[in-house]
Engineer: 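Below you will find the structure I want to go over with you.
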Amino acid sequence: MVVVSKPAIEQFSSYLKNNKPTTLFTQIPLVDLSKPDSKHQIIKACEEFGFFKVINHGVPMESISVLESEATKFFSLPLCEKQKTGQTQPYGYGHKRIGTQGDVGWVEYLLLTTNQDPSLHSFQTLRVALNNYMKSVKKMACEILEMMADGLKIQPRNVLSKLLMDEESDSVFRVNHYPPCPNVQPLSGNGNGNGDVIGFGEHTDPQIISVLRSNNTSGLQISLREGSWISVPPDQTSFFINVGDSLQVMTNGRFKSVKHRVVTNSVKSRLSMIYFGGPPLSEKIAPLPSLMRGDQQSLYKEFTWFEYKKSAYNSRLADNRLIHFKKIAAS
């Protein structure tokens, strides 16, 4: 668990948001991956929300429950034990600090690269659980990207998924644990609005696609286009898909990366697992030519994933990272 002193708790209290109270959003786009015509729902959800929920995803429930159990055991260990993952920075175990630019949250986490077997020297059962889970989730992410390609009517249909399948793919996997937040009372009556302590601050994901699954504890919120925040009802048997910044660029802004955050719960722990599907470091990120119509111009300068990743790493969570890569419109 995250152990902090009362002054530290007061420090986290400074991250209370003064946004309008959030509401529980029950109209999250729902996609049934077992239905071939779901590609149209995926396109609509990516255009309107940059976010959707998937069912009949094909990920074995056993691999989901085993990883949740092993991750819970891991985070219940003493701090000195959790720090023995054998990973080199920025990978491995971390807590409170998010990135290198001063962002903090009521969270502890395990961050791993997916293009090699995580060694996790002292945690073999966790390693096996992670490998089994990541294999299934990566397969699902690629299927979703191929359905996107079908819906966009672009060829080949693996134009997006091949970036995740590449042996040089720079994808990462993260397990976040948000312990109950003591001594901090929500200011809003429903516990979902201003007054909540931020577990993970508002941001967009820089990669192509993110696949998220959590236990049955609430906390995830997404921002709608007009700026209001909505709480996403948890569903431990389903997955939530985020459009990333790179996919926004590759569709020339047709899809929008979704801004999201996590707020703490004063009673229950939240455990989430996120696969971030990224391209090889050398991959050039630019609008797909097959999506450009007539004399349509690219909204973005061409850049490599390495360049964008470096820029994201050196920015604050809430920064609009893509603004530095947008083309300036001619006057």
Side-chain angles (χ1 to χ4, degrees), residues 28-29 31 33 36-54 138 140-166 169-171 203-212 222-226 239-260 274-309 311-312 319-329:
I28 298 294
V31 174
L33 292 185
D37 62 351
S38 293
K39 60 187 179 184
H40 303 299
Q41 294 173 279
I42 290 175
I43 300 304
K44 184 178 180 181
C46 290
E47 291 175 339
E48 295 182 1
F49 294 93
F51 179 85
F52 56 95
K53 174 180 174 178
V54 296
K138 178 180 178 180
M140 175 182 60
C142 289
E143 290 174 355
I144 290 172
L145 289 175
E146 290 176 1
M147 292 177 76
M148 282 183 188
D150 289 342
L152 291 169
K153 298 179 180 179
I154 54 178
Q155 293 290 337
R157 72 188 305 261
N158 71 340
V159 66
L160 298 170
S161 63
K162 69 180 182 181
L163 301 176
L164 274 57
M165 295 301 296
D166 194 301
S169 167
D170 186 44
S171 299
H203 64 287
T204 58
D205 297 332
Q207 291 88 355
I208 296 172
I209 189 174
S210 305
V211 181
L212 178 146
I222 65 171
S223 177
L224 298 181
R225 296 293 160 79
E226 76 274 11
F239 287 84
F240 294 95
I241 310 299
N242 293 345
V243 170
D245 294 341
S246 294
L247 187 55
Q248 176 173 323
V249 173
M250 296 175 81
T251 59
N252 204 33
R254 180 171 172 179
F255 292 176
K256 300 292 186 182
S257 56
V258 61
K259 185 179 291 186
H260 54 288
I274 313 100
Y275 168 78
F276 299 93
L281 290 171
S282 60
E283 184 71 24
K284 292 181 179 179
I285 308 298
L288 297 171
S290 53
L291 289 180
M292 305 296 281
R293 298 290 181 263
D295 59 353
Q296 184 181 5
Q297 298 295 310
S298 170
L299 301 176
Y300 304 94
K301 308 170 187 175
E302 185 177 273
F303 53 88
T304 64
W305 168 238
F306 174 80
E307 291 170 331
Y308 192 63
K309 181 180 179 180
S311 175
D319 288 349
N320 181 353
R321 307 182 187 103
L322 277 178
I323 198 170
H324 303 295
F325 297 86
K326 277 194 171 183
K327 287 184 175 179
I328 301 175

Engineer: Got a donor-acceptor contact below 3.5 angstrom from the Gln248 side chain to the Ser257 backbone?
Structural biologist: yes
Engineer: Where the side chain of Asn252 meets the backbone of Gln297, is there a donor-acceptor pair that is under 3.5 Å apart?
Structural biologist: yes
Engineer: Hey, could you give me the CD1/CG distance between Ile241 and Leu33, rounded to the nearest 0.5 Å?
Structural biologist: 7.5 Å
Engineer: Among residues two or more places apart or on two chains, list those pairs meeting salt bridge (Lys or Arg N to Asp or Glu O under 4.0 Å) that have a residue in residues 43-53.
Structural biologist: Glu47-Arg254, Lys53-Asp235
Engineer: Do Leu322 and Asn320 touch side chain to side chain, with heavy atoms closer than 4.5 Å?
Structural biologist: yes
Engineer: Might you confirm whether atom CZ of Phe306 has over 12 heavy atoms from other residues, nucleotides or ligands at distances under 6.0 Å?
Structural biologist: no
Engineer: Does the side-chain contact (heavy atoms from CB on, under 4.5 Å) test come out yes or no for Val243 and Val258, once each step is laid out?
Structural biologist: CA-CA 6 Å; Val243 170; Val258 61; 5.7 Å; no
Engineer: Consider side chain to side chain donor-acceptor pair (under 3.5 Å). Of Arg321, His260, Lys259, which one does His203 pass it with?
Structural biologist: His260
Engineer: Looking only at atom types and distance, does a side-chain atom of Ser246 sit under 3.5 Å from a main-chain N or O of Pro206, one as donor and one as acceptor?
Structural biologist: yes
Engineer: Just list the side-chain donor-acceptor pairs under 3.5 Å for residues 144-152, sequence neighbours left out, or say none.
Structural biologist:
{"unit_1": "Glu146", "atom_1": "OE1", "unit_2": "Arg157", "atom_2": "NH1", "d": "3.0"}
{"unit_1": "Glu146", "atom_1": "OE2", "unit_2": "Ser161", "atom_2": "OG", "d": "2.9"}
{"unit_1": "Asp150", "atom_1": "OD1", "unit_2": "Arg157", "atom_2": "NE", "d": "3.2"}
{"unit_1": "Asp150", "atom_1": "OD2", "unit_2": "Arg157", "atom_2": "NE", "d": "3.3"}
{"unit_1": "Asp150", "atom_1": "OD2", "unit_2": "Arg157", "atom_2": "NH2", "d": "2.6"}

Engineer: Between side-chain atoms of residues 277-296 and protein atoms elsewhere (two or more places apart, or another chain), which donor-acceptor pairs fall under 3.5 Å?
Structural biologist:
{"unit_1": "Arg293", "atom_1": "NH1", "unit_2": "Ser290", "atom_2": "O", "d": "2.7"}
{"unit_1": "Gln296", "atom_1": "OE1", "unit_2": "Arg293", "atom_2": "N", "d": "3.1"}

Engineer: Mind checking what makes side-chain hydrogen bond (donor to acceptor under 3.5 Å, both in side chains) contact with Ser169, not counting sequence neighbours?
Structural biologist: Ser171
Engineer: Not counting sequence neighbours, which residues clear salt bridge (Lys or Arg N to Asp or Glu O under 4.0 Å) with Lys256? List them please.
Structural biologist: none
Engineer: Please find the pair of heavy atoms, one from Arg225 and one from Gly50, that lie closest to each other, and give the distance.
Structural biologist: NH2-N, 3.9 Å
Engineer: In chain order, what residues pass the salt bridge (Lys or Arg N to Asp or Glu O under 4.0 Å) check against Glu307, with sequence neighbours excluded?
Structural biologist: none
Engineer: Below 4.5 Å, heavy atoms only, C-beta onward: do Tyr275 and Met140 meet side chain to side chain?
Structural biologist: no
Engineer: Measure centre to centre between the rings of Phe52 and Phe240, then say whether the value is under 6.0 Å.
Structural biologist: no
Engineer: If I compare all heavy atoms of Ser210 with all of Ile274, which pair ends up nearest, and what's the gap?
Structural biologist: CB-CG2, 4.2 Å
Engineer: Please round to the nearest 0.5 Å and tell me the distance separating atom CD1 of Ile222 and atom OG1 of Thr204.
Structural biologist: 13.5 Å
Engineer: Of all residues at least two apart in sequence or in a different chain, which pass the ring-ring contact (aromatic ring centres under 6.0 Å, His included) check with Phe255?
Structural biologist: none
Engineer: Checking Phe239 now: which residues fulfil ring-ring contact (aromatic ring centres under 6.0 Å, His included) with it, not counting sequence neighbours?
Structural biologist: His57
Engineer: Can you list everything that forms a salt bridge (Lys or Arg N to Asp or Glu O under 4.0 Å) with Lys138? Sequence neighbours excluded, please.
Structural biologist: none
Engineer: Is any side-chain heavy atom of Leu160 closer than 4.5 Å to one of Met250?
Structural biologist: yes
Engineer: Using side chain to side chain contact (heavy atoms under 4.5 Å, CB included) as the criterion, list what pairs up with Glu226, not counting sequence neighbours.
Structural biologist: Leu224, Ser228
Engineer: Looking at CD of Gln207 and CG of Leu247, how far apart are the two atoms once the value is rounded to the nearest 0.5 Å?
Structural biologist: 12.0 Å
Engineer: Can you name the salt bridge (Lys or Arg N to Asp or Glu O under 4.0 Å) partners of Lys309, sequence neighbours left out?
Structural biologist: Asp170
Engineer: For Phe303, give me all partners under ring-ring contact (aromatic ring centres under 6.0 Å, His included), at least two apart in sequence or on another chain.
Structural biologist: Tyr308, Phe325
